[in-house]
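Below, chain A is the first sequence line, B the second, and so on; all start at residue 1.
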Amino acid sequence: MLQQTTIPHATRYWVDFTARWPRVEDLAAAPDEAVMAAWAGLGYYARARNLLKCARVVADLGGFPETREGLQALPGIGPYTSGAIAAIAFDRPAAAVDGNVERVMARLLAAKGDWAEEKVRIRDEVEALVPDERPGEFAEAMMDLGATLCTPKSPNCLICPLSGLCAARAEGAPERYPIKPKRSAKPKRTGRALILVMDGKVRLERRPDTGLLGGMFALPSTEWDELGGDIAALCRAEGGEADSLAQIGEVRHVFTHFELRLEVWQADAKTRQPGDWRVPEDVHGLPSVFAKAFRLAYPSRPISER
DNA sequence: AAATCGGGGCA
DNA sequence: TGCCCAGATTT
């Protein structure tokens, strides 16, 4: 959950998951749809599919591998996570290099080279620093140093235990590090989503397992590109009445590599297409972009007003 | 090596 | 608006 995700955002999901599926065997036995719905809103949905795959492998193995190599062979467990588990859970001398540690080391070394190459050097340097005793505490100390003192914009060097060793501090401007390539601006795309209503129920689709929002529930929508697609054609294909088709608003949403403006349209259905039809109160598990769109038609009220 | 993949918080 | 976040996987 914490892969590229802040602790405040992930916490409520972690509480929910561990209460609902306390043991790895419980998660392994959970239906795919339940896990995907519980992950909705957390993003990077491949992580949810990998977590479930991982739980099933571990359940079949009868327990967790305890080495970095064994852990990294599991779905969704890469260099950082395998190192963190090996060190913290199993007391193995393994490095756990996350974004925090990369920043701490970039400053410590005043790393001026190509960032992709510097990341490799940083990993090697941290591997060499991992102690044989209490490697888990070393991993957490390095990450917490970055999270609490060696922060991205205004590092608190005055109380940093490493300030005397820090090359960036000696240069006088530690906040200049790490030096990363600038990102290009995100392209803008437009799409049109359809809230199709029949007998008080709304039609949902399931997106294909791979690609953007893979495996998640969704509102029917046109393709997302420069112009957006043909909403009238979509309405026809879904069995909606052309006369009832009307735009009710639009939402904006930022994805990893593009910005979306999604027009939200509504129509009445005349024939019931096969698929998932839900009363609004039963609509859960939508990823954020579709939750925003759905909320335009069915504003959710605070619990206190119910 | 570069692209893909979410979402929200913050200055 | 740009950058960041306890990255991993695919191309």
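Distance, A:Lys119 NZ to B:dA2 C1': 11 Å, rounded to whole Å. If you measure from atom CG of A:Asp114 to atom P of B:dA1, you get 9 Å, rounded to the nearest angstrom.
Nucleotides B:dG8 and C:dA8 place their P atoms 22 Å apart, quoted to the nearest Å. Taking atom P in both B:dT4 and C:dA6, one finds a spacing of 25 Å when rounded to whole Å.
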Show which side-chain atoms of residues 65-72 of chain A pair as donor or acceptor with protein atoms under 3.5 Å away, not counting sequence neighbours.
from, atom 1, to, atom 2, distance (Å)
A:Thr67, OG1, A:Gly70, N, 3.0
A:Arg68, NH1, A:Pro79, O, 3.0
A:Arg68, NH1, A:Ser82, OG, 3.1
A:Arg68, NH2, A:Ala95, O, 2.6
A:Gln72, OE1, A:Ser82, OG, 3.0

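A:Ile195 is listed as a side-chain neighbour of A:Val264, based on a closest heavy-atom distance under 4.5 Å. Residues A:Leu145 and A:Pro161 meet the side-chain proximity criterion, which asks for heavy atoms closer than 4.5 Å. With a 4.5 Å cut-off on side-chain heavy atoms, A:Trp277 and A:Met198 count as touching.
Under 4.0 angstrom from either OP1 or OP2 of B:dG7 there lies at least one side-chain N or O belonging to A:His253. For B:dC5, the OP1/OP2 oxygens have a side-chain nitrogen or oxygen of A:His257 closer than 4.0 Å.
Taking the charged nitrogens against the carboxylate oxygens, A:Glu117 and A:Arg121 have no contact shorter than 4.0 Å, which rules out a salt bridge.
Contacts between residues 283-291 of chain A and DNA chain C, counted as heavy-atom distances below 4.0 Å, involve no residue at all.
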Across nucleotides 4-11 of chain C, 5' to 3', mark each nucleotide with B, S or - according to how protein heavy atoms within less than 4.0 Å reach it.
BBBBSS--
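For A:Asp132, the CG atom is loosely surrounded, since the number of other residues' heavy atoms within 6.0 Å does not exceed 12.
Ring geometry for A:Trp39 against A:Phe17 counts as perpendicular: the plane angle is over 60°, on a 0 to 90° scale with 30° as the lower cut.
A donor-acceptor pair shorter than 3.5 Å cannot be found between the side chains of A:Tyr80 and A:Gln3.
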